[in-house]
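Notes follow once the structure below has been shown.
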Amino acid sequence: MDNRWNLDALYTGFDSPEFIGDCKKLDSKNEEYENFANTLSQSGDILEILKKYVALKSEISALTEKLLCFANLSFCADTNNAKANSYIELISIRQNRSSLADVKFIKWLTSSGFEPKTLRGTDLEECIFHFEELITKGRHILDDQTEQIISNLKLVGSSSWMNLHNVLIGSLTGKISTVDGRIEIKPISQIRAMAYSEDADVRKKAYEAEIRAYRKVEKAVAACINSIKGESIILARMRGYASPLEMVLTKNRMEKSIIDTMFSAIREYLPCFRAYYKKKAKMLGLSGSLPFYDIFAPVTAKAQSNFTYEEAAKFIVEKFSTFSRKLGDFAKNAFDNNWIDSEIRPGKVGGAFCENLFSISQSRILANFGSSYNDVTTIAHELGHAFHGHCLSNNVILNTGYPSPLAETASIFCETIINKAALKEADKESALAILESAISSAGQVIVDIYSRYLFETALFKAREVAPLSPEQLCEEMTKAQIESYGDGLDENVLHPYLWLIKPHYYNPDWNFYNFPYAFGLLFAKGLYAKYTETGSSFAEKYEFLLSETGKRSVTDVAKIVDVDLNDINFWKNSLELIKEDISKFLDL
Ligand SMILES: [Zn+2]
């Protein structure tokens, strides 16, 4: 077992004959696809046309994925790799080229009046959902010229505003006084990281420095958010959606009633989270309620540390195997065959991610493994993503894309397996640390996300009428936080500028990228609750569910395990699990 990944299964290098050959092959397939899209007509055998589309599209997707992932993974492992960097761009350009042909095909399909259900019993039966989705998408595509204008103007519109936001935040610094009284200028990201400091004074000073820094750019950033959301409102209207939210929900294959039900359940459980924040204030020795800057304050000793990478691997494989042999074997295979780059080294990107490589039915995971318990759960989380990919891999590649609310199902499920097992074996102190870390992150995903959803809803409503001033944006954010955190936090020390710093609000293609987090956590927890009820026979159903996430609506995916997402009790059961953790924490 190595602590660096091996990418040979993709390519042995950028100069290898296979890599060069596949680049050429992608070019010729793209050309073939363009010709195909340009010569579509309403006459001819539709089944043959669709077969040709599936074949071409599958080949192009697999080739693009293989080439792009090789470049991207090589770059992430060594950001000084200039060749990797330039190939990322070169292949992305090719990807863009084929998306123009996609639009032509979608429009042809939509206007053909074709009923995907008629594919039942044919070789293309498994693509029914894919075609249905394309037709829905097609109904919202405008004429060629308008689409061209939109895509050109987006580059100098919302995309530029997003870039400006990146530049403003990336170069933003704050002034903070050190212990010996000097004033230091630090990047905003470093100041934000001080929220985790053990020193109460550092946390408070960092928060104050952060707020001061935001005031310097608030007018410019407000212009960014107003323009980006304004563009979304215009586009949603032009494309015939009732609202930007409806546009997001369609993309996410779900109905609004699901998030309404989920948030109704969440509202009922907010008092539990508030009790946790109150307890945290007490543990920190505060007489009043918790200020925003103490949300991430450490209140427990660190969970039992010092896992070697080998020990982490052994622990994960062992615990995964208690759920299903398949999951355990899968993880073992990933460790044994060097799918994971866990080493911390200069030049490598930070954080952790998983890349599923459907073209070769494998995955690669990047992590920066220290030795803490958190590092172990991070690997387990990413292995969950990889297992999701594994379950999907028996589908045609067109059926491997799943919507964001389902993206974290397998990862959080795997994390839960590890957390439950670790809690069982932990002494009192470690148990407290594990619980606190789980509750604290659930608090972010439930309580904070709820406030961000409320804020974005209010923002869109107000933006329909006119742009918002920085003061109005701060006011809406504060209102949303009061509604969500309630008396859990000190309402005089909230974070009115979260709208300015959360990157999600600035990606024009990611409106409402908040509810998917809450959905992901609660859906995974709900599945785990089903598993504890049903026992080991659940594993097979669960794996089948994962394998279907690319070709059903979210509602229909949930039905596989007899879950009705419009039933508030499903969400309440998930929240009940977090409530149990909170009660344990309050008792310990
Ligand atoms: Zn994840």
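In what follows, every heavy atom counts, from backbone to side chain, and hydrogens, waters and symmetry copies are set aside. Model, not experiment: these values are computed from the prediction. First listed ligand is number 1; within each ligand, the first listed atom is number 1.
- A cation-pi arrangement is present between Lys66 and Tyr11 under the rule of less than 6.0 angstrom and at most 45 degrees off the ring axis.
- In terms of distance to the Zn ion (ligand 1), the nearest N, O or S atom of Glu408 is named OE1.
- For a distance bound of 2.8 Å, the N, O or S atoms of Cys354 include none lying that close to the Zn ion (ligand 1).
- At a cut-off of 2.8 Å, Glu382 is not counted among the residues with an N, O or S atom near the Zn ion (ligand 1).
- Checked against the 6.0 Å centroid threshold, Phe323 and Phe413 count as a close aromatic pair.
- Here His381 contributes NE2 and His385 contributes NE2, and at the Zn ion (ligand 1) these two atoms make an angle of 100°, given to 10°.
- Remark: Glu133 engages Phe129, Arg253 in a side-chain contact (heavy atoms from CB on, under 4.5 Å) (not counting sequence neighbours).
- With sequence neighbours left out, Lys332 forms a salt bridge (charged side-chain N to carboxylate O under 4.0 Å, His left out) with Asp336.
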